[in-house]
Amino acid sequence: MTQFITYLHLLTPLHTGGSAQEGNLMGIAREVHTEFPYLPSSSLRGKIRSVLEHSGDEEDVATFFGKKLKSGQQPTEGEVWFADATLLFFPIASWSHHFVWITCPLWLQRWNRWLPNAPLTAFVCDCRKKLSGEKHALTSLVTDQLFLQGAKIVADKLELIQQGTFTTELEKFTKDSDEFLSQLPTKVAIVTDEDCAALVETGLQREVRVALKPDEKIVKDGSFRSEEAIPPEAVLFFPWGVKTAKSEDKTVKVREEVKRLLNDRLQFGGLEGLGRGWAQLKNIPPNLEDNHES
Amino acid sequence: MNFDRRRHDDQEKSPQQKWKEFLNSMSKQKPPPKIYGALQHSKLYSVDEKALVLLFPSNELKDAAQQQVQSIITRLPPEFKSKRVECEVESAIALPAAQVPIQAAQTMKNPKHIVVRGPRLENPLQSLLFQPYGPGKDGDDLVKPVLDAAAAAEKKCSPLYKQLIQRTHKLAGSEENILTVRFPWRLRVGGLRGFRDLLLPVLHPVYGVPYIPASSLKGAARAWARRHNQDPDRLLGSLTDGVARVEIFDAFPSGPCLSVDMANPQWSWEGERVKYSPSPHALLTLEQPELVIGLAPTRRGEQTDVAEVKHWLQKALCEGLGSRVSAGYGRTELKPAWSNSKTYSFELWTQGIYGAVPPSKENNWQGNIELRPTAIRGVLRYWFRAAALGSYPPQQVLQMENEIFGALSQEGKVRLGMDWQVVSTDPHNYTGKILLEAQDIKYLELAQSLLTIAVALGGLGRGSRRPLHWNSGRMRGCHWQVDEVSIPLNLQAWKNLFRLVYESLLKLYQPEGNPIVCAPGKLTKINGKDKVVRYQDTLNKDTAICCVPSASLMHPQKVENWSKAGHKLKVIGEALDLLYSNDQFKGEKRIKEGDRYIVFGNKFVGGALEVPSFVIIKSHFPAEQEPYQIVTVFGAKHGDRALFVKELLQKSGAYTVWP
């Protein structure tokens with residue numbers, strides 16, 4: 001079995017169909033245990049499958065993803081699996097630095113789990129230690145103060161992130177990326193899991209939408225709602241893998257096509273009429289060091 | 001790429017060098033042009049067709065130049081012609097090496113746009129949250145410094161806008177899927193983020209800059225399509241028709257445009273009275289923004305679908321986007337959108353109309369000049385009330401006013417737009433067009449008659465009650481003429497004019513009671529001090545309107561030296577001459593002598609600070625006829641004003657046109 005990590009850089013806000021619907025807040029999908037917004041693997045998989053079905057041979061795609069249960073036929077097991085895409089770096093507006101990407105030991109730990117040889121184990125452990133003590137944020141910014149939304153972190157609560165395993169891993173998916181994402185390595189702040197959760201909650205994009213009555217400036221009855229979205233510039237990642245195929249030559253084309261797709265621009269989630277959910281993907285094979293195919 | 005740039009610079013002079021040469025050439029002129037004083041210490045930062053950015057060594061020099069931006073724009077040589085001139089302090093742009101953002105190092109593709117050093121990005125939304133309020137006079141909080149800080153921060157976001165526009169292009173896929181629209185004046189699409197929400201445009205939660213949400217654009221396109229009997233649901237999606245065939249992306253401006261704006265209603269209803277109580281509200285709007293809107297077919301859609309939605313959107317934006325459209329905000333073009341419309345050509349000479357930065361002691365009486373369509377709406381409303389209060393009970397007038405001009409959550413029956421250009425700045429002279437439109441022809445007729453009476457009796461904006469003249473070292477007053485509105489020196493023509501206004505009102509509204517008659521101003525004790533409370537002027541039997549022939553009257557265009565001739569009889573005319581000749585008539589003036597004030601003039605005739613004059617004088621220059629002045633005196637039975645009218649009518653050839 002071969003495993004991959006694909007990074008998802010949001011170019012427009014991502015609205016993944018609401019699980020929560022409180023009053024007139026159109027919520028987004030959230031992880032049950034952490035309440036962090038995420039992109040469920042089912043959406044991910046569905047999107048990729050539908051794009052492939054559109055462009056490739058339907059039979060091959062069905063073999064690769066597994067045949068659907070229809071007209072009395074048994075469903076078959078596929079050759080590919082996708083995990084949920086979870087948050088890795090989240091943009092937070094800053095008075096001092098325009099905006100900064102935050103992350104936390106929890107997110108880094110999850111990421112580390114899928115990186116070959118878990119290179120960040122020591123780094124994450126060190127982060128936790130520092131953040132449970134004197135420091136409020138570890139950052140790649142050289143600064144004597146850092147503003148994150150309403151919070152101000154002063155010099156002696158800040159520590160500079162040193163070059164090392166963490167910065168090497170960042171480089172892998174940010175190099176040769178667009179002008180926004182390429183700034184990420186210089187504008188990262190690692191905060192505690194709790195602070196991160198609170199900042200994400202205030203940093204979610206909430207757009208109020210109303211529908212007006214025709215020819216009047218009055219909002220139509222009940223058509224006032226607030227839509228949540230993960231803001232653009234956020235970076236999510238998802239691990240995925242392919243199993244060894246029973247007859248590999250049958251799906252070899254689809255396998256290549258998936259890899260190409262996962263280095264392309266794709267649209268996920270809902271509200272596509274409003275341009276939501278566009279992401280630039282970057283797929284990194286497990287052993288990049290030995291294998292320069294990507 | 002770098003190498004190429006250098007070679008290019010060696011062969012041709014850089015814009016910076018050219019700027020130096022331009023300054024040099026001005027310094028050699030004798031005398032040097034007026035703008036040289038403001039520009040001599042400037043350095044060129046960047047120039048393209050949208051903005052010329054200049055750097056100044058200090059705040060004072062920057063402010064001095066800022067005040068002359070209008071005259072600078074008109075006098076720039078062709079290679080520096082640009083839509084906007086932005087002034088910055090040099091040190092505000094320089095930054096420590098560690099904070100130079102990545103994009104600063106990039107080479108610009110456009111060789112004309114040479115960036116010396118990238119400005120540090122700031123976040124306008126965050127500035128709103130962190131900038132402290134200013135201290136107000138009565139211990140209250142001043143919002144304006146906060147808004148100023150946000151606007152200043154946004155000025156540094158050019159590189160960000162550039163990247164966002166690039167992204168829009170990328171997402172749209174091809175040039176034909178991009179709609180670029182320019183708004184000649186201001187735009188505000190309301191948002192609910194930040195503080196004092198209702199007065200802010202939508203600001204992006206991450207980038208902090210203003211943007212137009214895709215949902216607003218889509219809503220505008222949908223509404224237009226529906227009004228024009230097209231089926232928007234097929235292309236834009238709906239619950240029953242399913243996913244859209246065309247997607248519209250959030251749209252960003254192509255460059256900095258956030259600017260402090262002012263809404264300043266002068267008159268407000270208080271029970272049965274309308275009181276003069278200017279209440280300035282500072283707000284943020286986008287000034288002359290250029291929006292880059294990206295569209296794309298979704299998986300269901302095709303290229304022809306995009307073209308259709310793009311067309312809807314383009315049409316919709318001509319009709320207006322965002323708030324206060326009926327006051328001239330948010331329109332891309334001065335094209336009629338409603339079924340009945342009329343366009344007028346006007347020319348205006350004025351002491352200066354201001355937005356958020358009026359002249360004050362703090363800025364050495366040098367404000368930021370800005371002609372505003374809201375000024376026209378203001379005078380139309382004023383003359384509507386003046387006319388209506390003469391025939392209708394006050395409560396009905398209030399209802400009518402809301403219906404005609406709109407109110408919160410209520411679209412008005414009449415909309416206006418304005419387009420203009422600066423002719424000169426000394427005095428401020430504009431030419432342009434005014435568009436009036438309504439769905440119902442009767443409302444258009446009413447608006448037309450109100451515009452006619454406004455032009456006939458008074459001016460526009462600051463100094464609207466006086467003809468343009470020179471007074472104590474300053475330009476005062478206003479001269480406003482509209483090609484389509486010319487009233488000859490003829491009693492019957494004037495009688496017809498007033499009749500027209502009343503008839504256009506009566507066609508829409510039957511009086512539901514009797515009007516009340518009250519004095520336009522009265523002395524009241526406020527906190528132990530005598531204050532004149534000024535009420536809305538009314539065209540009733542207590543008002544006198546006189547026509548005073550003024551054969552030698554000189555048109556503002558013919559006055560060459562205002563400081564020498566601007567206070568002479570031939571410029572101010574017979575009526576203003578009479579007003580100024582007598583302390584019993586002219587406006588109140590206080591002069592400090594030692595530790596007490598000496599008061600001259602009469603606030604019950606010529607008005608005073610915060611008491612608009614009871615007398616309006618307007619000069620007319622009818623073609624091939626003798627010029628004359630029209631003098632409107634409100635509450636003309638009051639002793640001093642009655643005396644003024646009496647003396648006015650003694651002028652040779654003077655007569656009454658009202659009542």
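The chains referred to below are lettered A, B, ... by the order of the sequence lines, with proteins before strands, and numbering in each begins at 1. The model shown is predicted, which means the values in this text are computed figures rather than measured ones.
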Any salt bridge linking [X] with [Y]? Criterion: basic side-chain nitrogen under 4.0 Å from a carboxylate oxygen.
{"X": "B:Glu437", "Y": "B:Arg415", "value": "yes"}
{"X": "A:Arg276", "Y": "A:Glu227", "value": "no"}
{"X": "B:Arg234", "Y": "B:Asp305", "value": "yes"}
{"X": "A:Glu233", "Y": "A:Lys187", "value": "no"}

Is there a side-chain contact between [X] and [Y] in this structure, where contact means two heavy atoms from C-beta onward sitting under 4.5 Å apart?
{"X": "A:Phe99", "Y": "A:Gln183", "answer": "no"}
{"X": "B:Arg167", "Y": "A:Phe180", "answer": "yes"}
{"X": "B:Tyr329", "Y": "B:Ser323", "answer": "no"}

Classify the ring geometry between A:Tyr7 and A:Phe237 as parallel (under 30°), tilted (30 to 60°) or perpendicular (over 60°).
->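 Correct class here is tilted.
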Looking at A:Pro13, A:Ala234, A:Ser94, which makes the most heavy-atom pairs under 4.5 Å with chain B?
-> A:Ser94
Whatever's closer than 4.5 Å to a heavy atom in chain A on B:Val206 counts as both
Which bit of B:Ala244 comes within less than 4.5 Å of chain A, counting heavy atoms only: side chain, backbone, both or neither?
-> side chain
A:Pro232 portion near chain B, given a 4.5 angstrom heavy-atom threshold =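 For A:Pro232, backbone and side chain are both near chain B.
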Where on A:Glu207 is there a heavy atom nearer than 4.5 Å to chain B: the side chain, the backbone, both, or neither?
->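 The side chain, not the backbone.
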Between A:Trp101 and A:Phe89, does the ring centroid distance fall short of 6.0 Å?
->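 That pair fails the under 6.0 Å test.
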Return the option, out of B:Val246, B:Leu164, B:Asp250, B:Val243, with the maximum number of heavy-atom pairs under 4.5 Å with chain A.
->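 Ranked by heavy-atom pairs under 4.5 Å with chain A, first place is B:Asp250.
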Taking heavy atoms only and a threshold strictly under 4.5 Å, list by residue number the residues of residues 291-300 of chain B that touch chain A; give 'none' if the list is empty.
->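 Under the 4.5 Å heavy-atom cut-off, B:Thr298, B:Arg299 qualify.
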